[in-house]
Amino acid sequence: MGVIYAKQALLAEGWAANVRLDLRDGRIVSIDHGTGPEANDTRVDTLLPAPGNLHSHAFQRAMAGMTEVRQAGRDSFWSWRELMYRFMDRLTPEQIEAIAAQVYVEMLEAGYASVGEFHYVHHQPGGVPHDNIAELSERIFAAAARTGIGLTHLPVLYSYGGAGQVELSAGQRRFGTGVDEFERLFDAASAALRHLPGDARIGIAPHSLRATSPAELSRLVARHGQGPIHIHIAEQPREVREVEDWLGARPVEWLLGNLPVDDRWCLIHATHMTVTETRDMAASGAVAGLCPITEANLGDGAFNGPDYAEAGGSFGIGSDSNVNISLTEELRLLEYSQRLRDGSRNVLVPGAGSVGRFLYMSAARGGAQALAREAGSIATGKLADLVAIDSQSAALCALSRDSLLDGLVFAATDRVVTDVWSAGRHMVRGGHHIARDAVFAAYRTAIKRLLAP
């Protein structure tokens, strides 16, 4: 599969100079440093482990910028959701595939090597099933295959329209499933996933407590004893109140008290937690799936970062609604949201140390855990999920190695990314995805058809 030579690389044990990595079958099979390049090596400046994007709703990329006009009254997550439902109801399978491919190109160019696609659009408009129950999952697979991104597919169970087993609304019928139908979908998607490279994974995603029931959750988790489990949790204060009124406990409190939450779980938008919930979640081993750009865009609130970090909790980042796909901006906004709330600086690092390095490496490890990917660091045996950056760019050239990740997170943009490998697939070269133009042409055509009167 080839050899990469880097002037410097952040290995699992720390920084090293003049590093050569031998890649085979998608993995790093050897690492040498203190050596020079050879004739056929791919040469880069600075090599880092490439994080995974642990939470994406790919189709929402196409509505970016369409919901930023104030409606009469007070806009909120819930008013945005109604607009999203109306937009989604127009999408065809072909458009979903084209949008997803564009999203995955943008993710790779931003420095992500993999994605967790939290996939809840299963049916035709109105809720009529496709003849192939996994039709829309297979469209996601086609987009992943075309772009080379590492995929962890997370089909969604969405049975109810709200807390207390409320009936689905018209806007929710495209993704409505009961447990039996979900299991048929999961089995069909699992079979189709075998056509993707061997690093592809599948998990389950009960959408949220409000969209399922305790009995369904217990049944689902009992059947799926392996693989990732992702769930939206405690995103909005209204959601917390409604779940507490229904189940007698706050969402995170109820989940930790009633299900075997462990390191297979990823709790998305664990935004509104008490200090006790925060510490208990950290102790469970679950990953907090944080999406700061989307959470800011939707007015969700700020994650309880200081208590969670102090308790040793794992976290990763995702682009969720894909309103702006930027690895550096997600990490930056995660820290800045803490600073704005607390009136302090350099918040998200336990004790003392580099905030940028803590954020970046924690996200790399947490994302790999949440996506069931043997990645997150540069070490022999790991998947070759790698990103190269240009340390001589204007934002980084004055910095020492010890400050480089601070500069990447707080001063640079994704334009410093030069190369990205996903399980050894060299998909970004010179800052651009190798199929960028063709994927964008298909996306532009799809959007014009979608938005035609």
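Among all heavy-atom pairs drawn from Gly148 and Arg425, the shortest one is O-NE, 3.0 Å. In terms of heavy atoms, Ile317 sits closest to Tyr112 at CD1-OH, 3.7 Å. The minimum heavy-atom distance linking Arg365 with Gly376 is given by the pair CG-O, 4.0 Å. Scanning all heavy atoms of the two residues, the minimum distance from Glu329 to Asn324 falls at CG-ND2, 4.4 Å. Here the closest non-hydrogen pair linking Val156 and His122 is O-NE2, 2.9 Å. Between Tyr308 and Ala288, the closest heavy-atom pair is OH-N, 3.5 Å.
When the options Ile389, Leu408, Val416 are evaluated for a side-chain contact (heavy atoms from CB on, under 4.5 Å) with Thr328, the one that passes is Leu408.
Residue Arg449 qualifies as open at atom CZ: its count of foreign heavy atoms under 6.0 Å is 12 or below. Around the CZ atom of Arg43, the shell of radius 6.0 Å holds more than 12 heavy atoms that belong to other residues, nucleotides or ligands.
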**OP:** Would you sort out whether Asp406 and Ser354 count as a side chain to side chain donor-acceptor pair (under 3.5 Å), showing the intermediate values?
**Re:** CA-CA 7 Å; Asp406 292 319; Ser354 163; 2.8 Å; yes

Subject >> Chi angles and distances behind the salt bridge (Lys or Arg N to Asp or Glu O under 4.0 Å) call for Glu106, Arg61 >> reply: CA-CA 10 Å; Glu106 292 183 34; Arg61 179 71 175 113; 3.0 Å; yes

**OP:** Determine, stepwise, if the pair Asp307 / Thr278 fulfils side chain to side chain donor-acceptor pair (under 3.5 Å).
**Re:** CA-CA 7 Å; Asp307 287 322; Thr278 302; 5.6 Å; no

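No donor-acceptor contact under 3.5 angstrom links the side chains of His426 and Thr42, judged on distance only. Side chains of Glu138 and Asn132: a donor on one and an acceptor on the other come within 3.5 Å. Inspection of the Ser319 and Asn322 side chains reveals an N or O donor paired with an N or O acceptor under 3.5 Å.
Note: Tyr158 and Tyr120 have tilted aromatic rings, judged against thresholds of 30 and 60 degrees for the angle between ring planes. Relative ring orientation between Phe186 and His224 is described as perpendicular, the plane-to-plane angle rising above 60° on a 0-90° scale split at 30° and 60°.
Here the two rings, on His207 and Phe175, have centers that are 6.0 Å apart or farther.
Figure legend: cation-pi geometry between Arg219 and Phe182 absent, as NZ or CZ is not positioned both under 6.0 Å from the six-membered ring centre and within 45° of its axis.
For Tyr443, the ring pair (Phe, Tyr, Trp, His ring centres under 6.0 Å) criterion is met by no residue, not counting sequence neighbours.
No side-chain donor-acceptor contact under 3.5 Å links His57 to the backbone of Asp320. The closest donor-acceptor contact from the side chain of Arg264 to the backbone of Gly227 lies under 3.5 Å.
To the nearest 0.5 Å, atom CG of residue Leu404 and atom CG of residue Leu10 are 9.0 Å apart.
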